[in-house]
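Order of the sequence lines sets the chain letters (A, B, ...), proteins ahead of strands, with each chain counted from 1.
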Amino acid sequence: MKEFLKNKIITAAKSLIHDFDESSFPYKIVIEKPRIPDHGDLTTNIAMVLAKKFGKPPRTIAEDLISKLEIDKTYFKKIEVAGAGFINFFFTQKYFYERLKEIISSGDKFGSSNIAKGLKTQVEFVSANPTGPLTVGHGRGAVLGDTIANLLEWTGHNVTREYYFNNAGRQMRVLGDSVRLRYLELTGEPIDFPEDYYQGDYIKDIAQHIFEEYGDSLKNQTDSEFFKQQAEKEIFDDIKRTLKRLDIEFDVFFNEKSLYDDGSVQDVVNILKSKNLAYEKDGATWFKATALGGEADKVIIKSTGEPTYRLPDIAYHRNKFQRGFELIIDILGADHIATYPDVLAGLKALGYDEKKVKVLIHQFVTILQNGEIVKMSTRKANFITLDELIDEVGADVVRYFFLMRSMDSHLNFDLNLAKNQSEENPVYYLQYAHARIASIIRYAESEGAALKHVPNFELLDKPEEIQLIKQLEQFPDIVESCAQSYQPHLLAEYLHDVAGIFHKFYHLYRVVSDDKSLSSARIALCIATKTILKNGLRILGITAPEKM
RNA sequence: GGGCCCGUAGCUCAAUUGGACAGAGCAUCAGCCUUCUAAGCUGAGGGUUACGCGUUCGAUUCGCGUCGGGCCUGCCA
């Protein structure tokens, strides 16, 4: 509808100005749904934008434009000039009834589209190394990543969910040593547990499992490799289990080590050197980031011969391009903010279009417990695990909590509040609306009043009914814009509004009554609302219960 | 010192990406269940959008500056 109208308006504008060229205007011409319902169903600012060029008042231009518009009266009730020169369009109810019919016939698929035409897309998220359980901080990235992937799937992207990890670094060596020490402790050896080892109880659990299986037969093993491998396996299983509870599954787990094994890392170094974008200094190898507009050159291989994280990261992203991904999305926490410019510069240096990589940074989650900020560190084990959080409030609440805010706002998670008020959590507002509709439909069926024939939508003429249809009708636009801007929280807000308008409708009017035709029209409206809530919640990864 | 994010109601956060009168939840107060789910609905109070200047027909949104908070800023990942 938007596109249709835009073409009409531009045609009208062209008949007024010969050399009409949209791109020549200083401000953007937009057609959008106004915030305030009184301002119509769609509105445009075109008259204001044209005013300066024309040297006429916006309102006059608006009048002229309207007189030139050729528009079908069956879908447009009224077109008016308002405010500073907005042109407001009012649709007929007939238009909305047709949209309602479409929602019902499309059902589970309503809101999905093929806009991206199968664009090969990768979403990389979580990517926590297996050194400990996922924290609440990881949770935000996990839920955001999965939901953005859902949104992209709904808009026709061919999505691969990928988890990148490194099990070869110093962190992992320390992990193995930590487990070995705890194991020795169990065999009765006196130990001195260093402060910078992993302090968490989960280390003791892993050691306990090893002890149960092997007794003290590994007592004299000085190499920690075995312990490391056991720890990695157990921790990874744990991570996957936690993600599964949030309904998150990955298509690919990509190990950094494979980039060394297949020579990719060395390739990158060679290519950079051949392009004269890498050089040796002080025994280290440097990436000449300054040649590409970077602030300073960066070390990619230390004088010890060990690469810094930048090098494999660049090799990894090169690998993503080599696998043919056309859109590459990285979801990172704010602590990684400094790393991605180097990676992008590296890709550019290798000749890839770094604009295909979208780096989405989400801000931190601050945990408040008893009114105090809990500082998070896996090493010190003073973190709240994601698992514990799910235990406390449930997966639906966790997902909704992380999705209801924009990713660049710092998030305060008050644990006491989340526990105490979990029953008043806003997610229940949405789920309750869905369950309530399910209940109404069950009741209608038991009364034999269910949808038997094509309902007469014209009977839905109450303001709240129209308002509800208008709200539902926007769902595809919302999905599309959320996907395009990578902002799931807008969908959460939208669904909250849907639920609110429905609840209001419910309290004002009876759905199932003696009036059979009216009942069946209203049941249809309920079914459409349920469809939107269900589809929306599915994208957010939140269950839509039939009963509560 | 430099970079990124943030500052909006008592608290936690929105605001269709520059639109018309800045909105929700929680908290507070007052109402609504013998009829389809009261995890709901209706109403009230609560704001100089941190502050200043600028761009614009129009600024919570863009630019510059000041103040305040978080995160980065390593030959750690």
Quiz item: Tell me: CD of A/E32 to P of B/rA15, nearest whole Å?
Solution: 14 Å
Quiz item: In the strands shown, is B/rC53 matched to any nucleotide by a Watson-Crick or G-U wobble pair with both distances under 3.5 Å, and which?
Solution: B/rG63
Practice problem: Nearest whole angstrom, please: distance from the P of B/rU56 to the CE of A/M48. | Solution: 16 Å
Quiz item: With both distances under 3.5 angstrom, what nucleotide forms a Watson-Crick or G-U wobble pair with B/rC13?
Solution: B/rG23
Quiz item: Given that both distances must come in under 3.5 Å, which nucleotide forms a Watson-Crick or G-U wobble pair with B/rG18?
Solution: none
Quiz item: With a 4.0 Å cut-off on heavy atoms, is A/N45 in touch with a base, just the backbone sugar-phosphate, or nothing at all?
Solution: base
Quiz item: In whole Å, what separates the P atom of B/rC62 from that of B/rU28?
Solution: 36 Å
Quiz item: Between the base of B/rC13 and the side chain of A/S409, is there a donor-acceptor distance below 3.5 Å?
Solution: no
Practice problem: Under a 3.5 Å limit for both distances, which nucleotide forms a Watson-Crick or G-U wobble pair with B/rC4, could you say? | Solution: B/rG70
Practice problem: Would you state whether a donor and an acceptor, one from the side chain of A/Y432 and one from the base of B/rU37, lie under 3.5 Å apart? | Solution: yes
Self-check item: Between B/rG74 and B/rA59 - C1' atom distance, rounded Å
Solution: 41 Å
Quiz item: Has A/R436 got its NZ or CZ under 6.0 Å from the middle of the six-membered ring of A/Y506, at an angle within 45 degrees of the ring axis?
Solution: yes
Practice problem: Please measure how far the C1' atom in B/rC67 lies from the corresponding atom in B/rC29, and state the result in whole Å. | Solution: 37 Å
Practice problem: Check the geometry between A/F86 and B/rA20 and answer yes if their rings are stacked (centres below 5.5 Å, planes below 30°), otherwise no. | Solution: yes
Quiz item: How far does the C1' atom of B/rA38 sit from the matching atom of B/rC32, given to the nearest Å?
Solution: 9 Å
Practice problem: Indicate, with a heavy-atom threshold strictly under 4.0 Å, whether A/A51 touches base, sugar-phosphate, or nothing. | Solution: nothing
Practice problem: Please determine if a side-chain N or O atom of A/Y428 lies less than 4.0 Å away from the OP1 or OP2 oxygen of B/rG25. | Solution: no
Quiz item: Do we get A/R405 above A/F401's six-membered ring, with its NZ or CZ under 6.0 Å from the centre and within 45° of the axis?
Solution: yes
Quiz item: Mind checking the C1' distance from B/rG58 to B/rC21? Whole angstroms is fine.
Solution: 14 Å
Exercise. Assign A/N166 to base, sugar-phosphate, or nothing according to its heavy-atom contacts below 4.0 angstrom with the strands shown.
Key: sugar-phosphate
Practice problem: Kindly indicate whether the side chain of A/D497 and the base of B/rA14 share any N or O donor-acceptor pair separated by less than 3.5 Å? | Solution: no
Exercise. Report which part of the nucleic acid A/K298 touches: base, sugar-phosphate, or nothing (heavy-atom distance under 4.0 Å, all strands).
Key: nothing
Exercise. May I ask you to say what A/Y400 touches in the nucleic acid, namely base, sugar-phosphate or nothing, with a heavy-atom cut-off under 4.0 Å?
Key: nothing
Distance-only criterion, 3.5 Å: show the donor-acceptor pairs between side-chain atoms of residues 306-315 of chain A and protein atoms not counting sequence neighbours.
from	atom 1	to	atom 2	distance (Å)
A/T308	OG1	A/V299	O	2.9
A/R310	NE	A/D342	OD2	2.7
A/R310	NH1	A/V299	O	3.1

Practice problem: Using the six-membered ring of A/F287, assess whether NZ or CZ of A/K298 lies under 6.0 Å from its centre and within 45 degrees of the ring axis. | Solution: no
Quiz item: Between B/rC5, B/rC75, B/rA38, which one does the side chain of A/Q363 approach most closely?
Solution: B/rC5
Self-check item: Any donor-acceptor N or O pair under 3.5 Å, side chains A/R399, A/T147
Solution: yes
Quiz item: B/rG70 base stacked by A/H410? Criteria: ring centres under 5.5 Å, plane angle under 30°.
Solution: no
Exercise. Scan every strand shown for a Watson-Crick or G-U wobble partner of B/rU35, both distances under 3.5 Å, and answer none if you come up empty.
Key: none
Quiz item: Side chain of A/I440: nearest nucleotide among B/rU37, B/rC71, B/rA77?
Solution: B/rU37
Self-check item: Straight-line distance of A/Q474 CD to A/D497 CG, nearest 0.5 Å
Solution: 9.0 Å
Quiz prompt | A/I300 CD1 - B/rA77 P separation (whole Å) | solution = 13 Å
Self-check item: Value rounded to 0.5 Å, distance of OG1 in A/T543 from NE2 in A/H434
Solution: 9.5 Å
Quiz item: Are side-chain N/O atoms of A/Q363 and A/D408 paired as donor and acceptor at under 3.5 Å?
Solution: no
Quiz item: Using a cut-off of less than 4.0 Å, is there contact between a side-chain N or O of A/S406 and OP1 or OP2 of B/rA14?
Solution: yes
Quiz item: Taking atom P in both B/rU35 and B/rA44, what distance in whole Å separates the two?
Solution: 27 Å
Quiz item: Roughly how many Å is it from CD1 in A/I361 to C1' in B/rC6, rounded to a whole number?
Solution: 15 Å
Self-check item: Modelled atom types, side-chain donor and acceptor of A/Y316 and A/E162, under 3.5 Å
Solution: yes
Quiz item: Hey, does A/S303 reach any base, or is it just sugar-phosphate, or nothing, if we go heavy atoms under 4.0 Å?
Solution: base
Exercise. Would you mind classifying the nucleic acid contact of A/P307 as base, sugar-phosphate or nothing, using non-hydrogen atoms under 4.0 angstrom?
Key: sugar-phosphate
Quiz item: Are A/R310 and B/rG74 close enough that a side-chain N or O sits under 4.0 Å from OP1 or OP2?
Solution: no
Practice problem: Return the value, rounded to whole Å, for the distance between atom CZ of A/F502 and atom P of B/rC36. | Solution: 13 Å
Quiz item: Going by atom types alone, do A/T135 and A/H138 pair a side-chain donor with an acceptor below 3.5 Å?
Solution: yes
Quiz item: Taking the P atom of each, how far is B/rA24 from B/rG45, in whole Å?
Solution: 13 Å
Self-check item: 5' priority, RNA chain B, between A/H496 and A/T339 [closest heavy atom]
Solution: A/H496
Quiz item: Which whole-number value in Å describes the distance from A/H336 NE2 to B/rG3 C1'?
Solution: 17 Å
Quiz item: Within the structure shown, what part of the strands sits under 4.0 Å from A/E464 by heavy-atom distance: base, sugar-phosphate, or nothing?
Solution: nothing
Quiz prompt | Watson-Crick or G-U wobble mate for B/rC29, both contacts under 3.5 Å | solution = B/rG43
Quiz item: Can you find a side chain N or O atom of A/Y164 that sits less than 4.0 Å from OP1 or OP2 on B/rA77?
Solution: no
Exercise. Take A/N129 and A/H489, find for each the nucleotide of RNA chain B with the closest heavy atom, and name the residue whose nucleotide sits nearer the 5' end.
Key: A/H489
Quiz item: Using purine N1 to pyrimidine N3 plus N6-O4 or O6-N4 for Watson-Crick, or N1-O2 and O6-N3 for G-U wobble, each under 3.5 Å, what pairs with B/rG58?
Solution: none
Quiz item: Which is true for A/N88 with a 4.0 Å heavy-atom rule: it touches a base, it touches only sugar-phosphate, or it touches nothing?
Solution: base
Exercise. With P as the reference atom in both, quote the distance from B/rG7 to B/rU16 in angstrom, rounded to an integer.
Key: 13 Å
Self-check item: Phosphate contact (B/rC13 OP1 or OP2) by A/R405 side-chain N/O below 4.0 Å
Solution: no
Practice problem: Choose from B/rA20, B/rA14, B/rA38 the nucleotide whose nearest atom is closest to any side-chain atom of A/P34. | Solution: B/rA20
Exercise. Report which part of the nucleic acid A/S481 touches: base, sugar-phosphate, or nothing (heavy-atom distance under 4.0 Å, all strands).
Key: nothing
Quiz item: Should B/rC33 be called syn or anti, with syn set as within 90° of 0?
Solution: syn
Self-check item: Atom-pair distance (NZ on A/K504; P on B/rC36), nearest Å
Solution: 22 Å
Quiz item: A/Y429 has an atom OH; how far is it from atom P of B/rA39, in whole Å?
Solution: 13 Å
Quiz item: Of the candidate nucleotides B/rC5, B/rC75, B/rC71, which contains the atom at the shortest distance from the side chain of A/D335?
Solution: B/rC71
